[in-house]
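Accompanying notes for the structure given below.
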There are 2 protein chains.
Amino acid sequence: MRPSNTFPFSSEKKHRCPLSHDVAVTVPAPTAVASATALRGGPVAPSRSRLRPLGPDEISIDGGFWGERQALNADVILAHCETWMERIGWSANFDRVVDGTVGRAHSGIEFVDSEIYKLLEAMAWELARRPSPALDARYRALVARVAAAQEPDGYLHTSFGHPGQPARYSNLEWGHELYCFGHLFQAAVARLRGGHDDELVDVARRLADHVYREFGPDGRSAICGHPEIEVALAELSRALDEPRYLELARLFIERRGNGLLATTVLFGHEYFQDDVPVRDATVLRGHAVRALYLASGALDVATETGDRALADAVALQWRNTVSRRTYITGGMGSHHQDEAFGDDYELPADRAYSETCAGIGSVMLSWRLLLETGDTAYADLIERTLLNNVLASPREDGRAFFYTNPLQQRTAGASPPEDVLSERAEASLRAPWFEVSCCPTNVARTLASVALYFATADAIGVQLHQYGDASIRTTLPDGRVLALQVRTGYPFAGDVSVTVLEPVTAAITLRVPAWAQDAATLTVAGATTRTAGGSVVVARTFAAGEVFTLHLPMEPRIVHPHPRIDAVRGTVAVERGPLVLALESPDLPDLSAGTSGGPASTEHAELDLTRPLRSTPTGATASIALRADEDADARPWPYAAAAAAGSPAPDRAAEVALTPYFAWANRGPSTMRVWLPVAPTT
Amino acid sequence: MRPSNTFPFSSEKKHRCPLSHDVAVTVPAPTAVASATALRGGPVAPSRSRLRPLGPDEISIDGGFWGERQALNADVILAHCETWMERIGWSANFDRVVDGTVGRAHSGIEFVDSEIYKLLEAMAWELARRPSPALDARYRALVARVAAAQEPDGYLHTSFGHPGQPARYSNLEWGHELYCFGHLFQAAVARLRGGHDDELVDVARRLADHVYREFGPDGRSAICGHPEIEVALAELSRALDEPRYLELARLFIERRGNGLLATTVLFGHEYFQDDVPVRDATVLRGHAVRALYLASGALDVATETGDRALADAVALQWRNTVSRRTYITGGMGSHHQDEAFGDDYELPADRAYSETCAGIGSVMLSWRLLLETGDTAYADLIERTLLNNVLASPREDGRAFFYTNPLQQRTAGASPPEDVLSERAEASLRAPWFEVSCCPTNVARTLASVALYFATADAIGVQLHQYGDASIRTTLPDGRVLALQVRTGYPFAGDVSVTVLEPVTAAITLRVPAWAQDAATLTVAGATTRTAGGSVVVARTFAAGEVFTLHLPMEPRIVHPHPRIDAVRGTVAVERGPLVLALESPDLPDLSAGTSGGPASTEHAELDLTRPLRSTPTGATASIALRADEDADARPWPYAAAAAAGSPAPDRAAEVALTPYFAWANRGPSTMRVWLPVAPTT
């Protein structure tokens with residue numbers, strides 16, 4: 001059983017999918033396509049879904065914007081993660097289990113095992129993408145150390161159960177044992193999807209069997225404080241064709257929301273998503289990463305078990321969360337206190353938590369909903385989140401990362417040192433590593449597998465969801481081979497050209513982002529037609545080498561926030577193509593020649609809406625009214641009667657560059673803002 | 001040595017103090033006045049200061065608005081605190097020390113001793129205010145239990161040092177031992193200032209001597225994670241005329257800011273004010289209560305030691321904090337994460353932490369600066385903070401309290417149960433008690449002693465700083481007796497009448513709040529003159545029974561936020577007299593007859609600035625544009641191009657009551673906002 005397209009977000013409801021008009025081909029409605037084999041697919045491979053994900057053998061990024069990022073990941077980020085965890089002793093925790101010293105010499109917080117597993121997953125995807133004997137050796141060496149620490153009964157964790165440590169499962173709320181297991185399972189899935197059934201898979205199998213015995217139908221009725229094992233077990237079940245793992249995932253999902261977890265002064269049931277059963281919840285709440293991982297696992301279970309009510313609940317949660325609890329960058333989570341979603345429309349720019357991992361969790365959830373429904377709204381959010389939240393995390397050189405991704409930086413802080421652990425939350429510059437370092441390894445595994453979110457297939461063709469230089473070669477169920485090459489300057493340029501490499505009759509669907517409104521056009525066989533948002537289908541008999549091109553509008557545009565988002569009332573943002581732009585202090589002119597003197601600040605900037613935005617190769621320029629910093633004595637009390645309020649006249653107006661948000665904080669300490677106050681029109 | 005009036009906030013600089021013009025009396029500049037005896041004065045009694053605080057034998061509240069609150073405190077709140085702490089075993093911790101069971105049966109978090117001490121302080125002030133044999137018996141019984149738990153060497157804490165507990169001083173960062181001691185010292189000071197040198201004072205003396213041995217010049221160079229002992233030791237030194245305690249306070253102040261405290265993942269040096277030496281800091285930062293208690297202690301030390309640089313540093317910190325890091329309610333602290341100050345102008349209404357205890361700390365600091373300098377700006381902030389932050393904490397019935405005091409409540413939550421402990425931070429309604437329950441007892445001690453913040457004396461007369469029905473009888477240094485009675489409907493009505501009960505030649509100074517601008521008038525001997533903000537002095541030879549009256553303007557007024565406070569851009573607040581008003585959902589009309597149907601929400605309200613505000617007996621009415629809640633599907637993505645943005649036309653405009661912020665949430669679950677979006681003028 002699979003959910004029908006009565007999903008709240010079925011594509012028919014919100015997005016038109018016009019055919020290109022130069023050919024008259026009837027395109028049947030998409031139908032469920034079973035994965036060819038258990039070993040095929042990307043991070044997610046539903047046994048049935050509207051769209052079929054492509055595996056690393058079917059799609060690869062081969063250059064351009066995303067190619068650069070995958071190369072940075074392969075060449076720098078993987079080694080950065082590996083080196084840091086070796087240096088601070090996290091990897092050695094596994095060796096300490098073997099030599100019996102882990103009880104007194106464990107390094108790091110309780111869930112550092114998960115960072116090793118996310119690195120293994122990243123390595124596995126990277127090896128599937130581009131074989132490398134050197135990386136393969138590093139991967140195998142690390143797997144061997146992990147495997148050596150596995151207990152005879154399958155249990156595997158470096159913080160519990162050894163002499164001098166708390167007992168196994170003695171702290172399910174905060175111990176993160178099952179959470180760590182989940183990341184090991186996802187690493188094993190990556191290995192399987194790359195075509196390898198190796199030692200890590202064996203370890204995962206033994207560990208999953210152990211967890212099934214402990215927490216399955218005959219085990220204790222308990223859950224982990226941090227969801228993750230649910231989504232991982234569902235996928236491991238798919239990859240190994242083992243229904244017990246799916247059943248265990250289902251049990252974890254169903255148990256949740258009944259107050260099984262003990263709460264503390266600051267962390268209540270909502271924090272853990274243990275307040276309301278998943279199928280009864282209407283919006284994501286509590287700790288954002290936990291909420292997103294849980295919803296992803298719930299949808300996997302719903303898909304495999306044909307539980308439409310559960311699938312509908314997850315889709316409703318996505319809709320209510322995206323419409324009221326999501327930043328313009330796609331970032332989620334507005335509370336530092338508990339790394340949590342706030343109330344509807346509670347979206348402060350300065351205190352945006354927008355954890356990088358929450359962005360990755362959002363991509364995971366949206367991808368599952370996209371496969372399930374085919375609705376391009378999910379692909380739109382993936383694009384926005386990847387480009388404007390997840391990609392903001394790594395520094396240009398790949399050696400430092402944002403954990404939180406605020407949309408406003410008021411003061412230019414100091415550079416974190418390159419050689420020490422940083423706190424996680426407060427940063428005005430990226431830090432090389434964190435005491436809780438979930439984000440760098442999460443970025444690594446996402447970049448290594450990002451091509452697998454770019455396209456899907458169904459019975460009649462392929463669907464392009466994300467744009468970058470890529471090669472696709474896939475076989476449709478009836479044996480037709482579709483071989484494509486995509487070339488584009490995206491996300492900076494708007495033309496996406498698709499070359500069909502071999503003759504075929506098929507339908508190729510391209511997403512038209514909602515931000516393009518009605519301004520996108522499609523050129524097929526020399527004829528250009530305007531397309532609406534949603535998607536456009538080119539269904540025809542292609543000759544070898546035939547090219548068609550989607551043209552997306554790249555003029556910078558003003559975006560207004562919903563009037564209920566109090567935190568950014570009276571401001572606008574500027575977007576260009578799929579990118580959210582930001583004003584950053586290095587781009588401001590010096591005001592020392594102005595009336596007030598001193599450096600200009602992004603805190604004093606206002607956007608003059610009466611002057612046009614102008615496009616630049618990667619961003620825009622805008623007319624910005626600037627003033628110097630106010631003297632502290634000027635207003636001893638910051639609230640005043642009408643006569644005294646309002647902005648003083650600006651010291652200067654200037655054409656200032658707005659640059660992609662994801663690239664901010666790569667030029668030393670700076671201030672920044674995405675939402676720009678609108679200059680009064682007088 | 002005392003600091004001269006070169007203070008940044010000397011009254012000459014910002015506030016004019018015009019003489020009333022009906023008499024020609026030369027008023028000498030205020031000079032330092034030594035306290036008559038160590039036993040005299042309120043919570044603070046500097047050995048030298050510009051203004052001399054009055055003790056409970058010199059001033060009392062005898063009715064009216066504040067009389068009601070002191071009666072509620074005496075009749076309900078003290079017993080509420082006492083009963084709760086008995087019920088949940090916090091008081092019994094002292095008994096458990098005696099019977100040897102505290103190591104395995106301690107109740108509550110590490111610093112619950114401090115709640116007992118704050119209750120004792122509240123009882124001591126209440127007994128000084130109005131003797132009561134019944135309360136005296138309760139006080140003495142509780143003191144006896146505390147005293148019985150003191151160790152032979154003077155140490156006294158129920159969470160450390162007993163069998164089964166961590167060693168004394170093994171966790172200075174988080175153990176709060178010295179913090180608890182400080183509250184015991186303040187209770188002893190209250191007892192001394194009430195004229196009693198009793199068992200609690202003996203306990204305090206022994207404990208302070210112990211601390212001096214452990215942490216004094218010959219002891220360990222360490223500090224407590226939570227400042228409090230500094231301000232308490234300085235006062236105990238004054239009350240007992242014991243210079244060693246002042247020296248110890250000075251050492252704690254000087255040691256701070258040098259990274260002595262170990263930090264954690266989430267709590268760095270700034271959180272503890274251990275990042276910068278107190279004398280080098282320019283603004284309050286980190287945990288707000290800690291910062292305010294520390295600054296208060298630093299000023300006490302500066303005053304007593306004649307350390308002008310330190311006093312100037314504290315005054316600068318106050319000025320920069322008030323001008324950039326303070327809510328319109330006087331609330332301080334905008335981060336939930338670490339209960340901390342945010343950056344300059346980072347003042348979200350919805351996530352205002354504005355802890356009640358921070359408001360009390362702000363009053364403590366401003367009062368010390370007022371005594372030191374005579375600057376009415378400090379008294380203005382005390383008024384604002386008492387009425388709009390501290391008084392917001394207790395429920396009307398005195399049986400529940402706000403810990404945080406947000407300026408916007410988006411959703412009407414559930415009522416916390418009346419019989420269980422609540423989490424501290426998140427509340428849409430007041431809770432009866434908290435696991436960390438610092439605020440109720442802090443409110444209790446503040447209400448019991450609040451009269452002592454109302455007036456001061458100097459060589460030539462008295463100064464009235466806060467307005468309420470009160471009686472004052474004090475003797476000036478030259479033997480003149482000044483006996484006054486104050487009668488007023490303040491804070492709801494603007495007339496403050498002062499009757500001089502006995503003939504005297506003296507200067508009586510009345511604060512003219514800054515919010516009154518130039519609209520206040522003074523009527524003396526039948527003649528009315530306009531007064532400016534700051535203060536007005538009535539200096540003359542008074543006949544017995546002579547009355548003069550200050551008239552403060554009570555028309556509601558619009559207040560605009562500083563343009564750099566992003567969180568409330570495009571909104572205004574309404575104040576009336578000293579009160580900040582709020583829009584609360586119970587005052588909204590039902591929109592069910594409107595076009596959209598459903599209940600109106602404060603989240604959808606906009607203030608129509610083109611229509612006049614009207615005064616009501618306690619607040620105002622305003623023209624509010626209302627609309628019903630938007631359907632969740634109306635905007636699947638909350639950011640849109642210009643054409644789609646902006647507010648839809650309101651469903652209805654209505655005259656709606658704005659009520660005092662401090663009184664909100666007394667009518668069941670509700671939503672509320674202080675800052676009202678301004679309706680577009682079209």
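Proteins get letters first, then strands, A, B, ... in listed order; numbering begins at 1 in each.
For a residue to count as touching a neighbouring chain, one of its non-hydrogen atoms must lie under 4.5 Å from one of that chain's; by this rule B:Arg325 does not touch chain A. Residue B:Glu575: no heavy atom, backbone or side chain, is found under 4.5 Å from chain A. B:Leu609 does not touch chain A: none of its heavy atoms, backbone or side chain, sits under 4.5 Å away. When heavy atoms are compared at a cutoff of 4.5 Å, B:Arg569 approaches chain A by way of both its backbone and its side chain.
Residues B:His336 and A:His336 have side chains not in contact (no heavy-atom distance under 4.5 Å, counting atoms from C-beta outward).
Put simply, the residue from B:Asp344, B:Asp566, B:Asp343 that forms a salt bridge (Lys or Arg N to Asp or Glu O under 4.0 Å) with A:Arg410 is B:Asp566.
Evaluation of the side-chain hydrogen bond (donor to acceptor under 3.5 Å, both in side chains) rule for A:Thr326 yields no partner, not counting sequence neighbours.
The two residues B:His560 and A:Ala641 come nearest to each other via the heavy atoms CD2-C, 4.1 Å.
Within the model, atoms NE2 of A:His335 and CD of B:Gln337 stand 12.0 Å from one another, a figure rounded to the nearest 0.5 Å. Summarising the geometry, atom OG1 belonging to B:Thr411 is positioned 9.0 Å from atom CD belonging to A:Glu346; distances are rounded to the nearest 0.5 Å.
Counting heavy-atom pairs closer than 4.5 Å to chain B, the top residue among A:Ala573, A:Ala567, A:Pro348 is A:Ala567. Per-residue heavy-atom pair counts under 4.5 Å with chain B were compared for A:Ile328, A:Val572, A:Val322, and the maximum is reached by A:Ile328.
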B:Tyr639/A:Trp675 under ring-ring contact (aromatic ring centres under 6.0 Å, His included): CA gap, chis, key distance, verdict: CA-CA 12 Å; B:Tyr639 309 99; A:Trp675 292 105; 5.5 Å; yes

